[in-house]
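Inspection log for the structure reproduced underneath, given as structure tokens.
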Amino acid sequence: MENITKKLSIYFLNGILVLLPVVGTIYLLVYLYKLINSWGFYFLRIPREFQIPGLGFLFVILFVLLVGFIAKLWITNKIIQLIEHFIGKVPFVKGIYSTLKETIHSFI
């Protein structure tokens with residue numbers, strides 16, 4: 001009986017180790033999708049009865065692409081440098097901004 005309990009415990013732990021990353025990833029992706037979709041609907045100001053699933057998500061993706069395109073322009077780079085210069089002057093905000101920027105650049 002003890003041997004069966006031990007094997008069942010091992011099988012259970014193996015199952016957890018296999019399922020946890022998969023389920024966690026799916027949960028995180030669904031959460032991020034819902035969050036981004038709600039941001040899009042918030043900015044689009046579409047009444048709830050007219051909301052099409054995924055429209056808010058599509059809006060946010062298109063907005064990010066537009067910002068990325070604009071960010072590649074020469075004048076935008078100068079504006080970003082100016083904003084970063086002012087952020088560098090504020091002690092607490094400078095720490096947050098630089099940490100986030102370094103973290104994001106490490107992923108890229």
Side-chain angles (χ1 to χ4, degrees):
M1 188 68 166
E2 186 176 311
N3 194 17
I4 292 173
T5 307
K6 188 175 183 177
K7 283 187 177 186
L8 287 175
S9 298
I10 291 172
Y11 292 155
F12 182 79
L13 288 174
N14 283 338
I16 292 286
L17 291 174
V18 169
L19 288 175
L20 196 58
V22 173
V23 172
T25 302
I26 292 170
Y27 176 81
L28 183 63
L29 289 174
V30 169
Y31 174 78
L32 287 173
Y33 168 78
K34 288 180 180 180
L35 179 68
I36 293 171
N37 198 41
S38 68
W39 287 348
F41 285 134
Y42 174 79
F43 289 111
L44 288 173
R45 305 280 185 195
I46 297 176
R48 187 166 294 288
E49 59 269 7
F50 297 115
Q51 292 180 358
I52 300 169
L55 184 63
F57 184 80
L58 180 63
F59 172 76
V60 171
I61 296 301
L62 291 174
F63 179 74
V64 170
L65 286 171
L66 178 66
V67 170
F69 173 75
I70 292 172
K72 281 296 192 182
L73 300 174
W74 175 80
I75 191 151
T76 309
N77 285 333
K78 296 296 180 186
I79 293 171
I80 291 172
Q81 289 174 358
L82 184 64
I83 291 171
E84 287 180 344
H85 174 73
F86 286 120
I87 288 175
K89 301 271 185 195
V90 183
F92 184 69
V93 177
K94 175 186 175 184
I96 295 172
Y97 180 79
S98 62
T99 302
L100 283 173
K101 186 175 179 179
E102 289 173 13
T103 303
I104 290 169
H105 282 278
S106 70
F107 282 116
I108 294 172

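Atom CG of Leu32 is separated from atom CG of Asn37 by 12.0 Å, given to the nearest 0.5 angstrom. Distance check, rounded to the nearest 0.5 Å: CG of Leu65 to CD1 of Ile70 gives 11.0 Å. Between the CG atom of Leu13 and the CG atom of Leu8 there is a distance of 11.0 Å, given to the nearest 0.5 Å. Put simply, NE2 on His105 and OG on Ser98 are 11.0 Å apart, with the number rounded to the nearest 0.5 Å.
Taking both residues in full, the closest heavy atoms of Val22 and Val18 are given as CG2-O, 3.7 Å, listed atom of the first, atom of the second, then distance. Closest approach of Ile16 to Pro21, counting heavy atoms only: O-CD, 4.3 Å. Heavy-atom minimum distance, Ile46 versus Leu55: CD1-CD2, 3.6 Å.
By the ring pair (Phe, Tyr, Trp, His ring centres under 6.0 Å) test, Phe57 pairs with Tyr33, sequence neighbours left out. Every residue two or more places apart in sequence or in another chain that forms a salt bridge (charged side-chain N to carboxylate O under 4.0 Å, His left out) with Lys101 is listed here: Glu84.
Tested against Lys7, the residues Ile4, Ile10, Asn3 include a single side chain to side chain contact (heavy atoms under 4.5 Å, CB included) partner, Asn3.
Under the 4.5 Å side-chain heavy-atom criterion for ILVMFWY residues, a single connected hydrophobic cluster contains both Tyr31 and Trp39. Residues Phe50 and Phe59 share a single hydrophobic cluster, defined by chaining ILVMFWY side chains whose heavy atoms lie under 4.5 Å apart. By the rule that hydrophobic residues join a cluster once side-chain heavy atoms approach within less than 4.5 Å of another member, Val67 and Ile104 end up as members of separate clusters. Using a 4.5 Å cut-off between side-chain heavy atoms of Ile, Leu, Val, Met, Phe, Trp and Tyr, with links allowed through other members, Ile79 and Val90 fall into the same hydrophobic cluster. Residues Ile36 and Phe63 do not share a hydrophobic cluster, defined by chaining ILVMFWY side chains whose heavy atoms lie under 4.5 Å apart.
Taking the centre and axis of the six-membered ring of Tyr42, the NZ or CZ atom of Arg45 falls inside the cone set by 45° and 6.0 Å.
Using a 4.5 Å heavy-atom threshold, the side chains of Leu82 and Lys78 count as separate.
Few gaps surround CG on Leu28; more than 12 heavy atoms of other groups in view lie less than 6.0 Å from it.
The ring-ring contact (aromatic ring centres under 6.0 Å, His included) pairs that include a residue from residues 83-102 number zero, where partners must be two or more places apart or lie in different chains.
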